[in-house]
Amino acid sequence: MRCTNEEVISASPLRVFCILLLEEDVLQREVSKGRKMEDNNKDLRRLISGRPKCFMIAGSPLCAGCQHGTISRIIGEVIDDLGIVGKTIAVGGVGCHSMLVMSASKFDLTTALHGRAPALGTGIKRGTDGKAIVFTLQGDGDLAAIGMGDLINATVRGEKLTTIFFNNAGYGTTGGQMAPTTLIGQTTTTTPSGRSPDTGGFPIHVAELMAGLAGVAYSARCAVNTIAQYKRTKKAVRTAFQKQIDNIGYGFVEILSACPPLLKMRPTDARKWFEKHMFAEYPLGEFKNVDETKIQYQVET
Amino acid sequence: MVEKALISGNEAIGYGAIYADCTHYFGYPITPQNELIEFMAREFPELGRTFVQAESEFASINMVCGAALTGVRAMTSTASTAFSLMQEGISGIASMELPCVIVDVQRGGPGAGSTQHSQMDYLLATRCAHGGYKNIVLAPFSAQEGFELTQLAFYLADKYRIHVILLSDGLLGQMYESVELKKLEFPPLPGKDWAMKGCAAHNYERTFIHNAPGIIGSYYDFMKRSKEKYERIKEEEVRYETYEIEDADIVLVSYGSTARAAMEAMYRARKEGIKAGLFRPITLWPFPREAINKMTEDKKNFLVVEDCMGQMIEDVELAVEGNAVINLVGSMDRNLPTGSGMILSKKVLEKIKSFG
């Protein structure tokens with residue numbers, strides 16, 4: 001699907017999805033072509049201009065209308081704000097979600113095999129004697145399908161890691177197949193007549209699941225479709241990192257996003273679809289935020 | 001005075017790891033390597049080192065990968081079925097060129113096979129998983145050698161920035177022997193300036209170590225580097241031992257615990273006037289192919305003794321280049337047709353006598 005720059009820019013109120021990391025002058029030109037910005041919209045201006053300090057200038061590897069750029073930017077801004085760029089190590093899972101961070105980050109970065117990011121992160125955290133701030137970037141195939149065991153068991157072991165979970169209700173990188181998070185009735189290349197509960201099961205709610213685990217200090221579900229949501233998401237990501245920095249427990253943020261190629265829609269239609277259906281299945285909110293992990297019962301030795 | 005201890009083959013590997021200054025162990029219980037993970041759980045925390053019981057071998061091998069990324073000496077241990085589970089992770093480690101040690105205490109197979117000894121992972125360990133990479137494979141035949149080869153394994157891993165497989169087996173793991181606990185000295189190693197510790201450690205230049213050499217960066221450079229590394233290892237690291245080989249008419253080729261039965265059979269044959277000798281590969285990769293090939297100048301009879309249906313025999317066949325007759329003493333020659341059956345020297349002796 002070919003999209004004009006104007007279409008890409010107008011796919012989101014943030015207008016920053018794919019031009020996020022372009023150089024300033026290019027950025028300004030793109031914006032001026034798209035829609036006239038209201039001068040008093042300072043938030044919008046701030047969001048469009050520049051990039052996090054911990055990101056280099058890099059071409060965006062993402063598709064038109066992809067929201068992973070915005071999420072990546074939030075991660076970068078949080079790392080800037082917390083002043084942890086020097087000791088942060090990112091573990092990218094398999095999928096589109098880590099591509100932008102991979103090409104742009106100034107902090108250390110590695111890639112995990114499909115689903116294994118929390119295990120790899122555990123090794124890094126232990127290898128640096130707990131000193132590094134380790135976070136994983138994982139998509140819904142990587143985390144909710146093949147990597148579910150790794151994620152849950154990392155919390156069971158009480159690891160102090162942070163996971164940013166990109167939920168776009170399908171497999172983007174491999175061409176639009178069903179994920180555990182695919183909505184009932186949603187058409188994908190492996191559910192050509194829509195996901196049926198009889199044969200395809202039910203969407204998994206990871207943020208709620210994580211909230212029920214003792215080792216988890218923070219679990220939230222967010223979105224980035226409006227500036228208000230963007231701000232909430234940034235706060236959540238920051239808290240999820242803070243729980244690791246304060247050595248409290250696992251920090252987890254699920255972020256909903258739209259994937260136009262997966263939905264076989266133009267960016268603007270994909271966003272409409274996303275707002276109509278995703279929020280109906282996946283409620284936003286904070287499901288857990290504790291300052292200490294709780295011991296239910298202890299055998300005296 | 002050198003400290004001596006009566007320990008199992010599994011524990012000897014644990015002591016080897018301690019003496020090699022391995023600081024991070026990740027593992028998952030599986031028979032017949034349980035004494036090793038239990039040893040590590042007992043000893044490592046006391047020494048201020050890291051022990052983690054993972055939820056699976058998928059996880060433990062990837063934890064080793066993560067720890068090795070940060071430059072520490074990391075290891076895991078497992079047994080056959082779970083060694084299979086680890087293969088993707090090991091391939092990942094190969095793609096990142098990370099030094100670490102993986103112990104496989106072989107049990108029977110295929111499938112869940114048996115919980116007891118065998119030597120059925122030879123091809124998996126030496127031929128590796130997807131992607132055509134190579135790894136060093138060391139095969140001890142006693143608890144003492146297990147202790148020493150573990151130290152060597154860490155040294156070679158760091159020297160070449162490669163992972164090393166220590167191929168033990170259930171029999172060796174469960175066997176108690178007296179071991180001299182002595183730290184081996186090795187030449188100095190290059191520093192690990194590639195290790196990932198947060199970009200502050202590298203003057204705020206990011207370190208990016210990834211498992212996709214064919215997607216990110218130059219695949220050609222990766223393959224060229226690997227090829228050169230493998231050639232250098234083949235050149236410099238082949239290890240084997242020979243016993244009574246000089247005048248031998250028949251050469252036994254055997255590794256690991258089975259080499260003990262082969263050795264006994266060889267000496268018994270000598271007592272009966274048969275000129276037998278034993279060739280014992282210590283590195284299974286790189287395999288001592290040239291040394292075996294050289295023997296074929298005056299030796300035409302080779303008897304491979306290994307507790308499987310014939311795996312190392314393929315390497316021996318390649319080595320002799322058709323210039324010798326090769327027979328096999330394999331799992332079909334166990335004293336019992338069960339999981340606990342063993343290849344005994346008596347059977348090997350019979351095969352020596354009836355060679356042809």
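Note: hydrogens, waters and symmetry copies are ignored here, and every other heavy atom, side chains too, is used. This structure is a prediction, so every number in the text was calculated from the model and none was measured. Reminder, nothing fancy here: chain letters follow the sequence lines and each chain counts from 1.
Residue contact with chain A, scored on non-hydrogen atoms closer than 4.5 Å, involves the side chain of T50(B) exclusively. Of the two parts of I89(A), only the side chain, counted from C-beta on, holds a non-hydrogen atom closer than 4.5 Å to a non-hydrogen atom of chain B. Contacts between H24(B) and chain A at a heavy-atom distance below 4.5 Å involve the side chain alone, from C-beta outward. Only the side chain of I216(B) comes within contact range of chain A, judged by heavy atoms closer than 4.5 Å. For T88(A), the part lying near chain B is the backbone, with the side chain staying farther off; criterion is any non-hydrogen pair under 4.5 Å. Looking at V85(A), the atoms closer than 4.5 Å to chain B (heavy atoms on both sides) sit in the backbone and in the side chain alike. Residue contact with chain A, scored on non-hydrogen atoms closer than 4.5 Å, involves the backbone and the side chain of F208(B) alike. In this structure, the portion of A112(A) lying under 4.5 Å from any heavy atom of chain B is its backbone and not its side chain.
Note on ring orientation: taking the six-membered ring where Trp is involved, the planes of Y25(B) and F44(B) are perpendicular (angle over 60°, cut-offs 30° and 60°).
For Y15(B) and F39(B), the ring centers sit closer than 6.0 Å to each other. For H163(B) and Y133(B), the gap between ring centers is short of 6.0 Å.
With a 6.0 Å cutoff to the six-membered ring centre and a 45° limit on the axis angle, R232(B) does not count as a cation-pi contact of Y160(B).
Of the listed residues (K106(A), R116(A), K131(A)), the one with the most heavy-atom contacts under 4.5 Å to chain B is R116(A). For the set I61(B), T207(B), L69(B), the entry with the most heavy-atom pairs within less than 4.5 Å of chain A is T207(B). For the set H114(A), R126(A), K87(A), the count of heavy-atom pairs under 4.5 angstrom toward chain B peaks at R126(A). The choice from S60(B), A212(B), C199(B), A200(B) that makes the most heavy-atom pairs within less than 4.5 Å of chain A is C199(B). Chosen from H202(B), K197(B), Q53(B), the residue pairing most often with chain A at heavy-atom distances under 4.5 Å is K197(B).
Classification of R42(B) and E35(B) as a salt-bridged pair fails, no side-chain N sitting under 4.0 Å from a carboxylate O. With salt bridges taken as basic N to acidic carboxylate O contacts below 4.0 Å, one links K224(B) and E228(B). In summary, K234(A) and E77(A) engage in a salt bridge, as defined by a charged side-chain N under 4.0 Å from a carboxylate O.
At distances below 3.5 Å, not a single donor-acceptor pair connects side-chain atoms of E97(B) with backbone N or O atoms of A94(B).
Screening Y19(B), Y155(B), F154(B) against F186(B) for a ring-ring contact (aromatic ring centres under 6.0 Å, His included) leaves a single residue, Y155(B).
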